[in-house]
Amino acid sequence: MMATVPAHWLLKSEPDVFGYADLVRVGTEPWNGVRNYLARNHLRAMKVGDRALFYHSNAKPTGIAGVAKIVRAAYTDDLQFDSESVYHDSRSDPQEPRWSMVDVAPLLAFPEVLTLAQVRELPEWESSPLTQKGTRLSVFPVTPLQFRAALKAAGVKLARK
DNA sequence: GCCAACGTTGGC
DNA sequence: GCCAACGTTGGC
């Protein structure tokens with residue numbers, strides 16, 4: 001089978017809850033708790049080897065903290081069936097679960113958070129759910145140009161695979 | 001803490 | 001099927 005080019009994504013997380021440093025600490029993390037259909041569809045489109053910019057929302061400062069990689073493709077987010085969980089969804093059918101998650105692992109930490117203000121200055125990012133007013137989507141695709149521009153602005157390079 | 005913008009819910 | 005009300009997100 002021909003290898004496909006890894007796609008690029010952005011994942012938002014509140015660092016008070018789970019930040020890039022936490023991902024580094026735990027090694028691998030199931031990206032659970034996504035309860036938005038568009039975001040879920042993006043999760044389901046992810047493939048092992050894809051890269052994701054790890055964005056800190058509701059933070060000081062807000063911005064991209066590093067790069068993660070997808071290490072497991074979408075599977076059932078079990079929290080939807082956990083009645084104790086805040087992510088419980090009583091209307092999800094176990095035969096056809098509504099919500100999915102992927103596993104992510106750290107790939108490269110930015111030396112400093114690339115702030116939202118800095119991202120806004122990059123022309124490549126002019127049209128993105130990140131910079132468009134009022135968009136709250138927490139998982140969305142990033143173009144190769146946006147990905148490259150973000151890494152360049154952060155002053156980092158990814159080793160070639 | 002404020003508030004704009006959005007998605008979801010539920011009454012009709 | 002419409003749409004008002006509500007809850008949530010997330011920047012500031």
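Values below: all heavy atoms of this structure, side chains included; hydrogens, waters and symmetry mates excluded.
- Here the P atom of nucleotide C:dG10 and the CG atom of A:L11 are 12 Å apart, to the nearest Å.
- If you measure from atom CD of A:E14 to atom C1' of C:dT9, you get 8 Å, rounded to the nearest angstrom.
- Residues that satisfy the ring-ring contact (aromatic ring centres under 6.0 Å, His included) test with A:F54, not counting sequence neighbours, are A:Y20, A:W31, A:H56.
- Rounding to whole angstrom units, CZ of residue A:F140 and P of C:dT9 are separated by 16 Å.
- With sequence neighbours excluded, the residues that form a side-chain hydrogen bond (donor to acceptor under 3.5 Å, both in side chains) with A:R98 are A:Y37, A:D89.
- Taking A:Y75 as the reference, nothing meets the ring-ring contact (aromatic ring centres under 6.0 Å, His included) condition, with sequence neighbours excluded.
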Set out, line by line, the N/O atom pairs under 3.5 Å between protein and nucleotides 6-8 of chain C.
| residue | atom | partner | partner atom | Å |
| --- | --- | --- | --- | --- |
| C:dT8 | O2 | A:R136 | NH1 | 2.5 |

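- One can place CG of A:L116 at 18 Å from P of C:dT9, the figure rounded to the nearest angstrom.
- Distances shorter than 4.0 Å separate some side-chain N or O of A:K12 from OP1 or OP2 on C:dG10.
- Residues satisfying the ring-ring contact (aromatic ring centres under 6.0 Å, His included) criterion with A:F81, sequence neighbours excluded, are absent altogether.
- A donor-acceptor pair under 3.5 Å is absent between the side-chain atoms of A:D77 and the main chain of A:N32, judged by distance alone.
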Mind listing the side-chain donor-acceptor pairs of residues 22-30 of chain A below 3.5 Å, one per line with the distance, residues two or more places apart or on another chain?
| residue | atom | partner | partner atom | Å |
| --- | --- | --- | --- | --- |
| A:D22 | OD1 | A:R25 | NH2 | 2.7 |
| A:D22 | OD2 | A:G19 | N | 2.7 |

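- Its side chain within the 4.5 Å cluster rule, A:L79 clusters with A:V86, A:Y87 among the Ile, Leu, Val, Met, Phe, Trp and Tyr residues.
- For the residue pair A:D82 and A:H88, the shortest heavy atom distance occurs at O-CB, 3.0 Å.
- Distance, A:Q132 CD to B:dA5 C1': 13 Å, rounded to whole Å.
- By the side-chain hydrogen bond (donor to acceptor under 3.5 Å, both in side chains) test, A:T76 pairs with no residue at all, sequence neighbours left out.
- For the pair A:N36 CG and C:dT9 C1', the interatomic distance rounds to 11 Å; values are reported in whole Å.
- Non-hydrogen atoms lying under 4.0 Å from DNA chain C are contributed by A:N58, A:T62, all within residues 58-65 of chain A.
- The nucleotide whose nearest atom lies closest to any side-chain atom of A:S138 is, among B:dA5, C:dG10, C:dG11, C:dG10.
- Residues of residues 85-99 of chain A having a heavy atom closer than 4.0 Å to DNA chain C: none are found.
- The side-chain hydrogen bond (donor to acceptor under 3.5 Å, both in side chains) check on A:S100 picks up A:R44, with sequence neighbours excluded.
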Enumerate, atom names and distances included, each donor-acceptor pair closer than 3.5 Å involving a side-chain atom of residues 120-128 of chain A, sequence neighbours excluded.
| residue | atom | partner | partner atom | Å |
| --- | --- | --- | --- | --- |
| A:R120 | NH1 | A:T131 | O | 3.1 |
| A:W125 | NE1 | A:Q146 | O | 3.0 |
| A:S128 | OG | A:L130 | N | 3.1 |

